[in-house]
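Throughout, numbering of the chain's residues begins at 1 and tracks the sequence.
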Amino acid sequence: MRFRPLIVSTIALALLPLSGPAYAEDPTPTPQPSVTQTPTEQPPPPPSTEDSPDPESADPDSADPDSKVEDGLGVDGGTERAIVELTHPAETAPVATQAAAESVDVVLQPQSQPFMVVEGTAEELAKLAEDPRVASIHRDRTYTPAEVAPSLSLIGADKVHAAGNAGAGQVVAVLDTGIDVDHPWFKDRIVAQACFSATEDSGVESLCPNGTNAQTDGNAADAMTPKCLLDGVNLCDHGSHVAGIAAGTGGVAPGAGIVAVQVFSRLNDEASCGEPACLVAYESSLRQALDYVRDLNQPIAAVNMSLGGMLYDQSCDTTEEGAIFKEKFDALLAKGIATVVAAGNEYYEGTAHPACVSTAVAVGANDNSDTIAEWSNRGPLLDLFAPGVDIESAVPDNTTVVYSGTSMATPQVTGALALMKAASPGKPMTELIETLKSTGRPYVYDVSGTQVTTPRLDLAAALTGAAVQPPVTQTPSPGTDGTIDDTAPEPDPSDSSGPTPTPTDPAPSASSTPVPLPTVTVTVTVTETAKLPAAVCTRGTAAQKLTAKKWALELHRASGTISDETLSCYLKLIGKSSKVFPELTKASSLGTAYRVLKSPQTRKAKLDSALLTAWLNWAHGTNGTTALAAAEKVRLSSKPSAAALKKATSNILKTVK
C-alpha cells in the first residue's frame, strides 16, 4: 500500500479525499484576499456533500455501495488499509465482528468512535460497503512532520513576559512525535501524555512505550523509547522541538502546561523513507488524538499540528477528509480550543492538509528580518505568519538545536494563544484569534496577479498596547532562473510541512547544485553529535516542459542535468498531489519512476507514463493540473474502457508539448 507523507504531522504527519484536491488552473485561480476563515465559537455542522455523507442524517439504505468506496482502492490488486466510516458508534463492534468473520482483517476498532480500520482487497471492501451500517470507505492516509532568541523579540513575546504574562494557568496540546519527558525545558509542566500509533504487518510499528496502538498512562509520549532510535539518531526529536517553541523554558509561553501526544508510527521501508526507517502519522491516529484532547479536563488554549499532507489552493472543507477534520476542529473550538496547523514548506500558493480546513489557524513562516521565508507556503488560505527560520529549541537528551520550517512557526502561534487566553480567560477563542490577526504586522504580496495581505504575529500589539506595525510589501520568490538562493536559510528537515528525521532529503533547487545545509547549533555540552538538518523540498521554478523521453534521461542516474536530490524531491511532491503515484503505480524512487516512463506496454501503463510526465513538469514549475485531475479519475476507475484510457492519455500528452 501507499505511505503518503501532511503532514506530522512523517511528523507532517503527512496526513486523501474522495473528491481530490482543488487543483490549480493555468493560470492558477486564487481566492480573493477578502475571503476569510474566521472560526465561530458555535461552529456550524460540517458540510454535507456527495463525497462526505453525514452519518447521522443520511439514509444508508439508499446509498449505492459502489459510491461508498473511494476511487482506486485496490483496483490493481492487493490489500488496502482503509477507514470504514459507520453510521453510529454503536455499530462499530457488530460490523467489525461481521467483517472479521468474512476474513476482512480488522486492524483498529476504537471505542465510542463511528469508524474502524481494516485491510482488505477491492472485492472485500466492496462487499463490506454493501452493509447499510457502512457510510463510506476511504484510505487511512499518512502525514509527515512539516518543517528562541531573536524570534521572541520580533513577535513581542519578550515584552509580554516582562509584563508578567508567561501563560500560567493555560495548557497547549502538541500532536507530534512525542516529547523528552526529562528535558529541563519541560520541567514540571507536562500535565498529560498519550500515544495513538498505528501498526501494520508491512513494517509499520507502534511508538507507544507499551507497544500497543494506544496508551494514555505513564510516559505514553516518551520520545526516548528504543523504537525512536535509528543508528544512534533519534527520529522522534521533532515533537520536543515544537513543544519547546510553544511552551518550553525558552519558548513563547514558558509558564503554560503541555499535553504531549505521540501520533506517529515507525515505518521500516527504505523505498518509502530514503533510509531504513522514518515516521508517519495515520489519519486514524490523528482522529483519536484530537478526540482525546477534546475530552481532557484541562484549560487547553490550543492544539498544535506541525504536520501536513496533500496540497490545496482552496478550502478543503467539502472534501471527505476535510469535512472529517473540520468536525474535529469545530468540536475543539466549541470548547474554546484553537487548532493551529503548519501551512507547509513547498513554496506553494495554498496550504497542506489539514491547514486548508477553514477553522484551522494556518501558519506560514517568516525570517528574523521580517521577510516571508522563500520556501514557505503562502496565500489567502493562511491566517498568520510567524518566525520559522533558525529557531532554537529542545530535542531529546537534554539538548537544543536550530531548525527551520513552518513546523517551527506554528508553535509560536500556539504559544501566543496561550498568552492571549491567560490575559483574557473569559474571551471566546474566536475573538482571541481575530485579535492576533488584526494586530499582526501586515505582509502584502502578490499571488497569481492578486494582492494578498496576511498578518505576521505581533504579541506586543495584541497584548501590551503597542501600535500595529506598518505593512511590509513582500516579493516571496525562490528566484527567476529556476534555482533557489543558496544563501537563504533552509527549513529542516522535511519534504512536507517541516523537518523530517532523514538527513538526505532533496534540495529545493531545479538546478544540479545542491543547496548547502544550515548549521545545527548545540547549546548543551553532550557527547553525541546532533544530526544535520536537511534542505527543504519545494517545487521548481523553471516552468519548462519536458517529454517522457527527456524525463527518463533525467531520472537515469548521472545522465541528466537535474540533481538526483531535486528529482527525488519532485517525486515526493507528486506523491502528495497525485492519487495515482504511488497509490496505484509505484513511482516513489528514481528507479521505479524511470521504469514507469520507459515501459508503457498496456493502455494503463501508457496513461501512467503520460501522467508521470505531466506531474514532473508540474513539479518543475509549470501550472495547470485540470487535465491531470480528469485523467487520474479515469485511471482510478475499477473498469476503465480502452477508449477512455486512450482519450485520457491523448489529453495528457497535449499538455506536455
Side-chain angles (χ1 to χ4, degrees), residues 4-22 37 39 43 46-47 51-52 83 115 138-147 173-176 196 242 261 263-264 280-294 302-333 337-346 348 350-364 377 379 381-384 406-407 409-411 413-414 433 494 496-498 576-577:
R4 189 188 295 275
L6 162 55
I7 208 139
V8 327
S9 31
T10 317
I11 303 177
L13 282 168
L15 284 188
L16 272 208
L18 285 174
S19 58
Q37 308 161 31
D51 287 334
S52 54
I83 293 179
F115 77 92
H138 66 274
R139 287 180 180 85
D140 189 3
R141 294 178 177 82
T142 59
Y143 295 76
T144 57
E147 306 270 76
V174 179
L175 276 54
D176 215 292
F196 301 95
V242 168
V261 186
V263 292
F264 283 88
V280 293
Y282 282 88
E283 176 188 325
S284 53
S285 298
L286 294 175
R287 290 168 65 170
Q288 293 177 87
L290 290 166
D291 286 347
Y292 165 80
V293 172
R294 180 200 62 200
V303 175
N304 192 98
M305 299 179 72
S306 289
L307 54 90
M310 184 175 278
L311 300 173
Y312 286 81
D313 63 3
Q314 298 179 25
S315 169
C316 59
D317 288 359
T318 57
T319 67
E320 179 176 25
E321 183 179 62
I324 289 168
F325 277 84
K326 187 175 189 303
E327 181 179 8
K328 302 294 184 187
F329 296 173
D330 288 354
L332 288 166
L333 196 55
I337 303 171
T339 306
V340 189
V341 188
N345 299 338
E346 292 82 17
Y348 185 71
T351 74
H353 186 278
C356 52
V357 174
S358 63
T359 40
V361 181
V363 183
N377 291 348
L381 288 184
L382 267 67
D383 293 289
L384 287 161
T406 53
S407 274
T410 303
V413 175
T414 298
I433 294 170
S494 166
S496 93
S497 302
K576 296 183 72 172
S577 300

Would you mind reporting whether [Y] and [X] have side-chain heavy atoms less than 4.5 Å apart?
X      : Y      : result
Glu321 : Met310 : no
Leu290 : Phe325 : yes
Val303 : Phe329 : no
Arg287 : Lys328 : yes
Gln314 : Leu381 : no
Val293 : Leu175 : yes
Asp176 : Ser306 : yes
Thr406 : Asn377 : no

Between Leu384, Asp383, Ile433, which is the residue that forms a side chain to side chain contact (heavy atoms under 4.5 Å, CB included) with Val413?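 It is Leu384; the other options fail the test.
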Taking all heavy atoms of Gly350 and all of Leu382, pick out the closest pair and write down the distance.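 So the two residues come closest at O-CD1, 4.0 Å.
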Side chain to side chain donor-acceptor pair (under 3.5 Å) against Thr339, all qualifying residues, sequence neighbours excluded: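 Thr339 satisfies side chain to side chain donor-acceptor pair (under 3.5 Å) with no other residue.
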Does the pair Thr359 and Lys326 meet the rule for a side-chain contact (heavy atoms from CB on, under 4.5 Å), with working shown? CA-CA 7 Å; Thr359 40; Lys326 187 175 189 303; 3.6 Å; yes
Donor-acceptor check, side chain of Asp140 to backbone of Glu283, threshold 3.5 angstrom: yes or no?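 Judged by distance alone, yes, a pair lies under 3.5 Å.
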List the residues meeting side-chain contact (heavy atoms from CB on, under 4.5 Å) with Ala409, not counting sequence neighbours, and say none if there are none.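 Result, side-chain contact (heavy atoms from CB on, under 4.5 Å) vs Ala409: Val363, Ala365, Ala386.
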